Amino acid sequence: MSFRLLQSHPAFGRHVCATTLTSFADFFMLIMMPWMALSVAGGGKSAVAVVMAIESFPRGLAIIYGGRLADKLGAKRLLIGARMALVVLFSCFAVLLANDWVNIYVLCLFALGFSLFSAAIAPATECIVPSIVEKEQLSAANSLIMSTIQLCQIIAPVAAASSIAFLETAGLGHQAQYLYPIVAAALMQLLAIGLIQKLPIANQQTAPVTGFVESVKTVWANDEVRNIILLLFLVCVFAVGPSSVAYPLIVVERFAAEVANYGQMFSVQAVGAILGYVLIARMKLTWQIVSKVCFFQLLIAASLFALALFYQKYLILMVVAMIGFADACIRVTVITHLQTTTERHILGMTLSMVMLSVVGAIPLSRALSAIVVEYYSVDVLLMGSGLLTAATIVTFYVSGRRKPQPQLQ
C-alpha cells in the first residue's frame, strides 16, 4: 500500500523525502547540543540541563504561533521560510565554531533559535498533506509519514552519535566533531527546501483577516475539537510522565540496573509504534473520533496498570510495545480526522492547539510523577496513572454519549 501511494502521488513522495531529511537534521542537532554543552567553554553537567530546557520550553509558543502562520501564509511558504532560517542559523553557528567563538551562552542562543524554528514547522508539515493526497488516502499517508519519522528516531541518533565519537577519537580537533553534524544538518535542510519547492501547491487558501486570539476562540468553539484537546491533555498528564519516569526505575528495581534493558524498552516501544502506524491505516473503525481515541487510550491505561504488576521481562516488554502501538494509533487517528473535517483556513491553528495540549502536558506530568515516586513508589505511580487515565477516558466517553444530538428538520 505504501509503495502504491508513493507511486501514484509523486508530490507526496517528495514530501516524505523532505520530512525524512529534516527529521535526520533535527535528531543530529538534538544529539550534538547536550554533548557539546559538556565540553564548551563555561559548560558542564549542569549546562546540559540548561541547554535541554532552553530547547524544550519555547516549543509550545512556537507550535501555537506556527499554526497561525501556516493558516496566514500557507503551509508551503512557511516550510520553506522556516527551513531557510534554520540553514542561516546553522551556517552562522558553524562560522562561530570554526573560529572557536562558541561558549555556553552562544550555544544556548543557538538552542533557542533551533527550538523556535523547528517547532513552528510542525503544524505546517501536517497541513500540507491534504493538499497533495486525496481524502480517502489521508490515513495511509499520515501512517507512512509518522512511521518514517519513527524510523528516523531510531537510526538518526545512532548515526549522529557514532560519527561524533569517530571524529573525536580520530583526533581531528574539537571543532571537527561538531562541525560535521551542523554542516550535515544544513545540507539536509537545503535538500528538503528543494523538494518542498517542487510540490504542486499554488494559491493556497489563506486565513481571513482575523487576529490570533480570534483564531484561538474559533477553534475552541468547536465542541469536538475542544473535547479532543481536553482529553489529550488530561491523559498526557496522567500517562506520559509516569511512563517516562517509571521506565528507568523499572530497569533499576527489576532488571539489576542494566542499561541495555533500558535501551530495549525504548526500542520495543518504537517497534510497537511502527506496527501501530502500519495497522491503523488498514483498520476501518466507524466509531466517532472521541470513541476511537478513548479506545486506544484505554489500552494505554491498562498497560500502565499492568506495568505495576508484571516483573517478568518479556511481559514488561510486551506491555511497553502495546503503549507504543496505542500511542501511534491515536496520533494517526486524530491528525487524519482533523485534516478531513477542519476547514483549510483554520487547519493550522487547530493542529497547533492539539499539539500544544500534548507538549504542554509533558513537563507538568513529569513533575507530578517525580513527586509521587519521591514519596511513594513506582508501583503506586503506575497503578494511580492507570486508574486516573481510565477514569478520565470513561468520563469523556459517557459525557459524549449523553450529549443530545441535533434533530434533523
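On a predicted model such as this, the values are computed, not experimentally measured, just so you know.
Taking the side chain as every heavy atom from C-beta outward, M383 and L309 approach each other to under 4.5 Å. Between I330 and L232 there is a side-chain heavy-atom pair separated by less than 4.5 Å. Side-chain atoms of L230 and F233, non-hydrogen and from C-beta on, never get closer than 4.5 Å to each other. The shortest distance between side-chain heavy atoms of L144 and L6 falls below 4.5 Å. With a 4.5 Å cut-off on side-chain heavy atoms, Q269 and Y247 count as touching. Within the 4.5 Å cutoff, no side-chain heavy atoms of V51 are placed close to those of F110. T392 has its side chain out of reach of Q297: every pair of non-hydrogen atoms, C-beta onward, lies at least 4.5 Å apart. Contact check for F296 versus I300: no side-chain heavy atoms found under the 4.5 Å cut-off.
A side-chain donor-acceptor contact under 3.5 Å links N142 and T336.
Using modelled atom types, one side-chain atom of S243 and one backbone atom of V240 make a donor-acceptor pair closer than 3.5 Å. The closest donor-acceptor contact from the side chain of S115 to the backbone of A111 lies at 3.5 Å or more, if one exists at all. The backbone N or O of A361 sits nowhere less than 3.5 Å from a side-chain atom of S365 that would complete a donor-acceptor pair. In terms of modelled atom types and a separation under 3.5 Å, the side chain of T342 and the main chain of Q339 share no donor-acceptor contact. At distances below 3.5 Å, not a single donor-acceptor pair connects side-chain atoms of H337 with backbone N or O atoms of V290. Judged by distance alone, with hydrogens and angles left aside, the side-chain atoms of R226 form a donor-acceptor pair with the main-chain N or O of W220 at under 3.5 Å.
Rounding to the nearest 0.5 Å places CG of N222 at 7.5 Å from OG1 of T350. Taken to the nearest 0.5 Å, the OH atom of Y397 stands 14.0 Å off from the CG atom of N227. Between I80 atom CD1 and I196 atom CD1 the span is 6.5 Å, to the nearest 0.5 Å. Residue M188 holds its CE atom at 8.5 Å from CE of M29, rounded to the nearest 0.5 Å. Note that the CE atom of M146 and the CD1 atom of I274 stand 13.5 Å from one another [nearest 0.5 Å]. Between the SG atom of C329 and the NZ atom of K292 there is a distance of 11.0 Å, given to the nearest 0.5 Å.
Salt bridge annotation for D71-R68: absent, with no cationic side-chain nitrogen under 4.0 angstrom from a carboxylate oxygen.
Dense packing is recorded around CZ of R14, with more than 12 heavy atoms of other residues, nucleotides or ligands lying under 6.0 Å away. In W101, the CH2 atom is not crowded: 12 or fewer heavy atoms of neighbouring residues, nucleotides or ligands sit closer than 6.0 Å.
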request  = Just do the side-chain contact (heavy atoms from CB on, under 4.5 Å) check on L304 and I323 with the steps written out, would you?
outcome  = CA-CA 8 Å; L304 290 170; I323 292 175; 4.2 Å; yes
task = Report the C-alpha separation of D26 and Q189 in whole Å, then their side-chain angles, then the decisive distance to 0.1 Å, and conclude whether the side-chain contact (heavy atoms from CB on, under 4.5 Å) test is met.
result = CA-CA 9 Å; D26 290 346; Q189 295 287 1; 3.9 Å; yes
task = Test M32 against W35 for side-chain contact (heavy atoms from CB on, under 4.5 Å), laying out the working first.
result = CA-CA 5 Å; M32 184 208 73; W35 195 254; 6.0 Å; no
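Residues F310 and L315 come closest through the heavy atom pair CD1-CB, 3.8 Å. In terms of heavy atoms, M353 sits closest to I64 at CG-CD1, 3.3 Å. Here the closest heavy-atom approach between residue L97 and residue L179 is recorded as CD2-N, 3.7 Å. S352 and I63 make their closest contact through CB-O, 3.1 Å (heavy atoms, listed as atom of the first residue, atom of the second, distance). Nearest heavy-atom pair, L78 versus G66, reported as atom, atom and distance to 0.1 Å: CD2-O, 3.4 Å. Considering all non-hydrogen atoms of both residues, V319 and S303 come closest at CG1-O, 3.1 Å.
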